[in-house]
Structure formats: C-alpha cells, structure tokens
Amino acid sequence: MTEEQTRPKIDDSVAHSARMWNYWLGGRDFYEVDRQAGDRIRELHPGILDYARADRAFLGRAVRHLTGEAGIRQFLDIGTGLPTADNTHEVAQRVAPESRIVYVDNDPLVLAHARALLTSTSEGVTDYIDADLHAPEAILREAERTLDFSRPVAVMLLGIAMFVNDDAQARDVVRRLMEAVPSGSYLALSHTITAPGLDDVDEAVRFWNSVGTPKLKQRTPEEVEGFFDGLELLEPGVVSCSRWRPEATPWGEPDEVAFYCGVARKP
C-alpha cells in the first residue's frame, strides 16, 4: 500500500476547527464549508477574530519569555494547527537557534502542510508527530526521538484542551504530560471560557458544535486555572489571552477576550 493510500483523507464536507482558525487568521488553507461556518460564528459573536489574534499573540509572547527569560530550549507543541507566520519554532529559534521543537496534530490537512513546520536553523531541530491529545503516552513516546525528557520542556497546549470534552479526562491528560517532564519544565495553555454575560459566545459555541468538528467544551476561568494545579503560575496568572504580559501601548490595557491562558512552571 502506498503512502498516498494510507494517508488519512481530508473531509471537506464538514467544517474543521484548524481550517476555520486559519481562515480567521487570514490564511488560505480552508474550504468553503469552513468559510461559511466561520462567517456564521462571526455573525453570532463578532469578537471571535480578536480571540484568534489574541491567542496567536500570546503564543509569541509566551515562547519569547520561555526561551529568553526561562532558558527553555525544548518545546512540545500539541494542537499545532495549520502553519502561519511566527510558529513556535520560528519564535524560539529567533531567540535561541539551538531550540528543539516537536509539533503534534491529528488533522490530515495539517499533516499535508507539515513540511512548512519542519524548517529549522542548522543548530536546532523540528519534528512533527501525527497523534491525538487523547493518547498522551503515544505522543510522549514519539517525542522522545527529538526531545530529551531529562531536561526541561515547555508543553504548549494552546486552544486544544477544549477539544477533550470530559473534564476529568482533560485534567488527566494534562497531568500525564506534565508528569513526564522534569522539574523546571513549563505548561502554556489557552482555552475558551464561559461566564455570565457571554451569551453570544455560548451561542457561537452551540452553533459550532452543531456543524463542525471536533466538538469543543467551554470551561469557566476557575476550571481553566485547575489545569495548572500543582504548578507555579507565573504572573499575571490565568487571564484573557490579550492581557497576558501585553506589550505597552499608548491606549492602555487591551480589551478582554473570552479566551483565557496561563503559563506555569513545574517545581
């Protein structure tokens, strides 16, 4: 059987989160079904574009801090999504060219574009694993080909834990990943939230879960903070992605988005 025959098929009849995120970020790797779903979600909740941009900006700030200030040189980026500008390896290797990055996703379109994620400085390494967050042991086993788990690793879970619908399972997956990395490692996580006054967000999520894949689970800010149990949260704690150590501007603090994040160190 050829590689082409064994490669998972891309279903262009159902909207997919990775492709819709790409559409919102101005990319070109989406289908008409993703555009239609994305436009409908923007009608229900116009601020969704701000989520996508805030989460992407958080990735850049978090990776720059982890590389430049915390001295991290290894990243396990799970839920990679489609390649855009300033992917994790580009940000990290700009600061520390010797950084090693392993990307993980299980979407066939992301796999098809994985070569764009495998560019690297000559001093560093990038790799891609086709795997599912629901199977953390498989991810860790494959990642060991590239990462040294006796040295600190930054586990990046941006906008991905929300696709594990069972609360206990989601917390367990994060716990198992963090148990596998040594003291001095970090967790960076972002997650959509639900809270009083966010009816438009809730409606947009209900629409997405009726037409798209994978289904997502909103959690309260307190539940998102629970993913960091046993870890040392960096300031400012679990906050809107737009407000995690934003660059100073003349316009003051940025508006909140209903997408929360945090970065924490394993003691």
Side-chain angles (χ1 to χ4, degrees), residues 11-27 29-59 78-82 84 105-107 109-110 132-134 156-174 187-228 237-244 254-262:
D11 185 354
D12 60 4
S13 67
V14 178
H16 192 281
S17 62
R19 302 194 305 254
M20 195 164 61
W21 209 251
N22 180 266
Y23 169 58
W24 285 332
L25 287 170
D29 297 309
F30 58 87
Y31 296 107
E32 179 63 16
V33 67
D34 307 303
R35 185 192 65 77
Q36 291 177 357
D39 286 346
R40 177 57 180 153
I41 288 174
R42 288 173 63 184
E43 290 175 8
L44 293 168
H45 179 54
I48 191 64
L49 277 180
D50 296 330
Y51 294 16
R53 293 165 181 159
D55 189 51
R56 196 68 189 178
F58 165 64
L59 181 150
I78 305 174
T80 302
L82 287 157
T84 60
D105 210 299
N106 69 335
D107 178 61
L109 190 58
V110 178
D132 192 311
L133 179 61
H134 291 80
M156 310 290 291
L157 295 173
L158 273 57
I160 184 66
M162 61 195 191
F163 295 117
V164 181
N165 276 259
D166 182 82
D167 292 335
Q169 183 182 17
R171 289 192 300 271
D172 185 60
V173 165
V174 175
L187 170 66
L189 181 145
S190 64
H191 198 296
T192 189
I193 65 158
T194 184
L198 295 180
D199 294 346
D200 55 340
V201 178
D202 297 342
E203 181 60 30
V205 169
R206 280 192 291 271
F207 171 76
W208 168 254
N209 285 338
S210 72
V211 301
T213 187
K215 310 305 180 188
L216 70 84
K217 173 70 175 289
Q218 293 168 281
R219 294 185 169 97
T220 66
E222 294 76 19
E223 288 171 326
V224 176
E225 188 167 348
F227 285 113
F228 297 96
V238 173
V239 296
S240 165
C241 285
S242 59
R243 294 187 173 181
W244 195 90
D255 292 338
E256 283 208 356
V257 296
F259 215 82
Y260 272 40
C261 68

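These values consider heavy atoms only, across backbone and side chains, with no hydrogens, waters or symmetry-generated copies.
- Within the 3.5 Å criterion, the main-chain N or O of N106 finds no donor-acceptor partner in the side chain of D132.
- Going from atom CG of D202 over to atom CG of D200 covers 8.0 Å, rounded to the nearest 0.5 Å.
- Once rounded to the nearest 0.5 Å, the distance linking CD1 of I78 with CG of L189 reads 10.5 Å.
- How far CZ of F259 is from CG of D55: 4.5 Å, rounded to the nearest 0.5 Å.
- Closest of all the heavy-atom pairs between I41 and A204 is CG2-CB, 4.0 Å.
- Between V14 and V211, the shortest heavy-atom contact is CG1-O, 3.6 Å.
- Scanning both residues, G237 and W244, for their nearest heavy atoms gives O-CD1, 3.9 Å.
- Under the side-chain hydrogen bond (donor to acceptor under 3.5 Å, both in side chains) test applied with H191, the options K217, Q218, R219 reduce to a single match, R219.
- From F58, atom CZ reaches atom OG of S240 across 10.5 Å, with rounding to the nearest 0.5 Å.
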Kindly determine whether R42 and Y23 satisfy side chain to side chain contact (heavy atoms under 4.5 Å, CB included), including the steps that lead there. CA-CA 12 Å; R42 288 173 63 184; Y23 169 58; 4.2 Å; yes
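- The two residues P214 and W208 have their closest heavy-atom pair at O-NE1, 3.0 Å.
- Annotation: side chain of L133 is in contact with side chain of L157 (closest heavy-atom distance under 4.5 Å).
- Here I193 contributes atom CD1 and Y260 contributes atom OH; the two are 4.5 Å apart, rounded to the nearest 0.5 Å.
- Heavy-atom minimum distance, A54 versus C241: O-CB, 3.8 Å.
- Residues V205 and L216 share a closest heavy-atom pair of CG1-CD1, 3.5 Å.
- Between the CG atom in D255 and the CZ atom in R243 there is a gap of 7.0 Å [rounded to 0.5 Å].
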Between R56 and R53, is a side chain to side chain contact (heavy atoms under 4.5 Å, CB included) present by the stated rule, with each step listed? CA-CA 5 Å; R56 196 68 189 178; R53 293 165 181 159; 5.8 Å; no
Sequence neighbours left out, cut at 3.5 Å: what donor-acceptor pairs do the side chains of residues 158-166 make with other protein atoms?
residue, atom, partner, partner atom, Å
N165, ND2, K215, O, 3.2
D166, OD2, A168, N, 3.2
D166, OD2, Q169, N, 2.8

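- Between the side chain of D39 and the backbone N or O of Q36, no donor-acceptor pair lies under 3.5 Å.
- By the 4.0 Å N-to-carboxylate-O rule, D167 lies too far from R171 to be salt-bridged with it.
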